[in-house]
Amino acid sequence: MRFSQFPLNTLKEVPADAEIISHQLMLRAGLIRKLASGLYNWMPLGVRVLHKVEKIIREEMNRAGALELLMPAVQPAELWQESGRWQQYGPELLRVKDRHQREFCVGPTHEEVITDIARRELRSYRQLPVNYYQIQTKFRDEIRPRFGVMRSREFIMKDAYSFHLNEDSMAQTYQVMHDTYSRIFTRLGLEFRAVQADSGNIGGSMSQEFHVLADSGEDAIAFSDGDNYAANVEVAPAGPSNRVRPAAGLAREPVATPDVRTIEQLTSYLKTTADRCLKVLLVEGATGGLVALALRGDHQLSVTKAEKIPGVASPLCMATPEQVLAVTGCEPGFIGPVELNCPLVADHSAAVLGDFVCGANIPDTHLQNVNWGRDTAEPEVADLREVVEGDPSPTGTGTLHIARGIEVGHIFQLGQKYSTAMGAKVVDEQGQEVDMYMGCYGIGVTRVVAAAIEQNNDDKGIIWPDAIAPFQVILIPMNLAKSQRVREESEKLYQEFIQAGLEVLLDDRDARPGVKFADAELIGIPHRIVIGERGLDAGKLEYRHRKSDDNQEVPREEIVQFIKDNSGIS
RNA sequence: CGGGGCAUGGCGCAGUCUGGUAGCGCAUCUGCUUUGGGAGCAGAGGGUCGGCGGUUCGAAUCCGUCUGCCCCGACCA
């Protein structure tokens, strides 16, 4: 490709509404342009990257025996009503009506459609297992789209769905997909980690997420330094504390705490520490009413864990200030377990506190030296909190550390959830009809591009891994206008690279060298060759890798092979 | 959904308080010069100041309303 024929508007200035580095660089390098909130145009340079990611995914999915198909983005409501998700999914599901007032949705995922395909096409256990996949546009009406294509409303996803006669077969394919995903992210040149995860509203049992490690990641993941345990913090178990609750010591006493609502305010006001305070959250119960959840002051509630507590409404819904007032007689900020008029569940670590500080259920008042059993009933105990740095690993070996990650892939064992709901059956060896077992496996293709940038950049711009660079090589001729030799030589080189099957960008613009260097670095082409009068006399070309600060002289006649050897393309 | 902020040329911004001919930098176009790290000079084009309504002799500016976008929050006990 000749740069002169490739309209590319790079920006010197950072667009005002881009927060994270990948979003800024994607806009500055002209990979994407915003159309509306959460909706992005992929410009030619960006599409080249996107296609490379897709190509790697296709190759590895095909190698794993998966079959590519393509399902419509728009799906009839009936299928979602069959699975029960028309009600369940909530406002993230974009619902539309056609001209006949028939209801549809723009698919956020395709379990319903694929299960419909499976129940029509698959009749016999002999046809199983089968794994279908597609690379297709999804729409999720996010509450707050942000970070460019990292959390956009419309995005491209590779989604795969496998069908099985039994659980063993499902587990087997799940493992194959786990390995396939590892191969894919390795080939993409990303630093990633597979972690235990919650299956969310897709449903099912076993599930793992693949995270690209990056400080800007929206998810926190916990991993052990003792073995290879890794999990999303929302699911990593925080088991019973090995501490024993101390015997009640001091007498309980109220203390006036005007306008002291948060744990932070409380600890500074009472000169204590958060791990000696108890916070009580009121949430809606599964059958109406409220349920109290008690945590140590320095711990965070895991919404995922709370939703699994029997008696707690799922999805989790915090009580409104009005509900809190009705039950406790005070506003949020002063809730406590003493004489509390609703069921209470305490986190393991909260249940072993003694002589703790908590709200008094009286406006502007807290209690000191409160003790379970003495001042309250013995609490029901459960795992409610997110793990924190330094917690013991649930496997028993090592300590947990917390890192941030960007979720780029997710694999699930769905079991029979959809096949039972929608009647997707096959006939088994005994001639009996059985509901098929399912697995499902997703990769956020557009998000992968952003994650790759998030992990590979410097102050000058993007540094593409070779596997997904929009071009492998950029040729920068010096003084193109004046030097006939440079012109001829760069043209020749350009043709040679094309012949050799390398993707090459020839910067034939009549621009000053600084402009060309800056653009080459911003758009992140891994291999750069400068063609100037200087080198030509000596029969050398000047090479620099995007990651390097130094030039390297390469003999003219070896350059094509040199790039091939260094770009992983041979 | 709650709170806050913003909306002026393709991008980044000033001007709004205190109403009076719409401005700056970058980008774009033309010409000349320049050509190893985002050039210089000279000129040019491009804006119904988000929409609608109001106040006024006069509105980017004041008032009302709508829309769009961004940020924060939805973990506060």
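Quick note on labels: first sequence line is chain A, next is B, and so on, each numbered from 1.
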How would you label the contact of [X] with the nucleic acid (heavy atoms, under 4.0 Å): base, sugar-phosphate, or nothing?
| X | answer |
| --- | --- |
| A:G359 | nothing |
| A:I476 | nothing |
| A:L266 | nothing |

On a whole-Å scale, what distance lies between the [atom1] atoms belonging to [N] and [M]?
| N | M | atom1 | value |
| --- | --- | --- | --- |
| B:rC26 | B:rA14 | C1' | 15 Å |
| B:rU34 | B:rG68 | C1' | 45 Å |
| B:rA60 | B:rA7 | C1' | 11 Å |
| B:rU8 | B:rG50 | C1' | 10 Å |
| B:rC49 | B:rU21 | C1' | 15 Å |
| B:rG58 | B:rG20 | C1' | 7 Å |
| B:rC11 | B:rG53 | P | 26 Å |
| B:rG9 | B:rG46 | P | 15 Å |

Atom pair distance, as rounded to whole Å: [atom1] in [X] and [atom2] in [N]:
| X | N | atom1 | atom2 | value |
| --- | --- | --- | --- | --- |
| A:L325 | B:rA77 | CG | P | 18 Å |
| A:E218 | B:rC72 | CD | P | 10 Å |
| A:E92 | B:rC1 | CD | C1' | 14 Å |
| A:E284 | B:rA74 | CD | C1' | 14 Å |
| A:Q300 | B:rG73 | CD | C1' | 14 Å |
| A:Q265 | B:rC76 | CD | C1' | 10 Å |
| A:L270 | B:rA77 | CG | P | 14 Å |
| A:L367 | B:rA77 | CG | C1' | 13 Å |

### Query
Are side-chain N/O atoms of A:N361 and A:E339 paired as donor and acceptor at under 3.5 Å?
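No, because no side-chain N or O of A:N361 sits under 3.5 Å from a partner of the opposite role on A:E339.
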### Message
Strictly by salt bridge (Lys or Arg N to Asp or Glu O under 4.0 Å), give each pair with a member in residues 536-546 of chain A just once, sequence neighbours left out.
### Response
A:D458-A:R546, A:R485-A:D537
### Message
Tell me which pairs pass salt bridge (Lys or Arg N to Asp or Glu O under 4.0 Å) where either residue lies in residues 356-367 of chain A, with sequence neighbours left out.
### Response
none
### Query
Would you call the rings of A:H401 and A:F223 parallel, tilted or perpendicular, where under 30° means parallel and over 60° means perpendicular?
tilted
### Query
How would you list, by chain and number, every residue that makes a salt bridge (Lys or Arg N to Asp or Glu O under 4.0 Å) with A:E386, sequence neighbours excluded?
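None.
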Output one line per pair: protein atom, nucleotide atom from nucleotides 28-38 of chain B, and distance, for all N/O pairs under 3.5 Å.
from: B:rU34; atom 1: O2; to: A:R512; atom 2: NH1; distance (Å): 2.8
from: B:rG36; atom 1: N1; to: A:E542; atom 2: OE1; distance (Å): 2.6
from: B:rG36; atom 1: N1; to: A:E542; atom 2: OE2; distance (Å): 3.4
from: B:rG36; atom 1: N2; to: A:E542; atom 2: OE1; distance (Å): 2.8
from: B:rG36; atom 1: N2; to: A:E542; atom 2: OE2; distance (Å): 2.1
from: B:rG37; atom 1: O4'; to: A:G514; atom 2: N; distance (Å): 3.4
from: B:rG37; atom 1: O6; to: A:R528; atom 2: NH1; distance (Å): 3.0
from: B:rG37; atom 1: O6; to: A:R528; atom 2: NH2; distance (Å): 3.1
from: B:rG37; atom 1: N1; to: A:E521; atom 2: OE1; distance (Å): 3.3
from: B:rG37; atom 1: N1; to: A:E521; atom 2: OE2; distance (Å): 2.9
from: B:rG37; atom 1: N2; to: A:E521; atom 2: OE1; distance (Å): 2.2
from: B:rG37; atom 1: N2; to: A:E521; atom 2: OE2; distance (Å): 3.4
from: B:rG38; atom 1: O2'; to: A:K12; atom 2: NZ; distance (Å): 2.9
from: B:rG38; atom 1: N2; to: A:D519; atom 2: OD1; distance (Å): 3.1

### Message
My understanding is that a pair needs two contacts under 3.5 Å, Watson-Crick or G-U wobble. By that rule, which nucleotide pairs with B:rU16?
### Response
none
### Query
In Watson-Crick or G-U wobble terms, both distances under 3.5 Å, what is the partner of B:rU56?
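B:rU56 is unpaired by these criteria.
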### Task
Sort and list the pairs that fulfil side chain to side chain donor-acceptor pair (under 3.5 Å) and have at least one residue in residues 10-21 of chain A, not counting sequence neighbours.
A:T10-A:D519
### Query
What residues, two or more places apart in sequence or in another chain, satisfy ring pair (Phe, Tyr, Trp, His ring centres under 6.0 Å) together with A:H23?
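Testing A:H23 for ring pair (Phe, Tyr, Trp, His ring centres under 6.0 Å), a comparison that skips the adjacent residues, returns A:Y40.
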### Partners passing ring pair (Phe, Tyr, Trp, His ring centres under 6.0 Å) against A:W464 (at least two apart in sequence or in another chain)
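So A:W464 forms no ring pair (Phe, Tyr, Trp, His ring centres under 6.0 Å) with any residue.
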#### Entry: A:R276 charged N/C atom sitting above A:F356 aromatic ring, 6.0 Å / 45°
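Geometry flag: not set, cation outside 6.0 Å or 45°.
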Please tabulate, one pair per line, all N/O donor-acceptor pairs under 3.5 Å involving side-chain atoms of residues 278-295 of chain A, not counting sequence neighbours.
from: A:K279; atom 1: NZ; to: A:H299; atom 2: O; distance (Å): 2.9
from: A:E284; atom 1: OE2; to: A:Q323; atom 2: NE2; distance (Å): 3.4

Collect all protein-nucleotide pairs involving nucleotides 66-71 of chain B in which both atoms are nitrogen or oxygen and the distance is under 3.5 Å.
from: B:rC69; atom 1: OP1; to: A:S37; atom 2: N; distance (Å): 3.2
from: B:rC69; atom 1: O3'; to: A:K34; atom 2: NZ; distance (Å): 2.9
from: B:rC70; atom 1: OP1; to: A:K34; atom 2: NZ; distance (Å): 3.4
from: B:rC70; atom 1: OP2; to: A:S37; atom 2: OG; distance (Å): 3.1

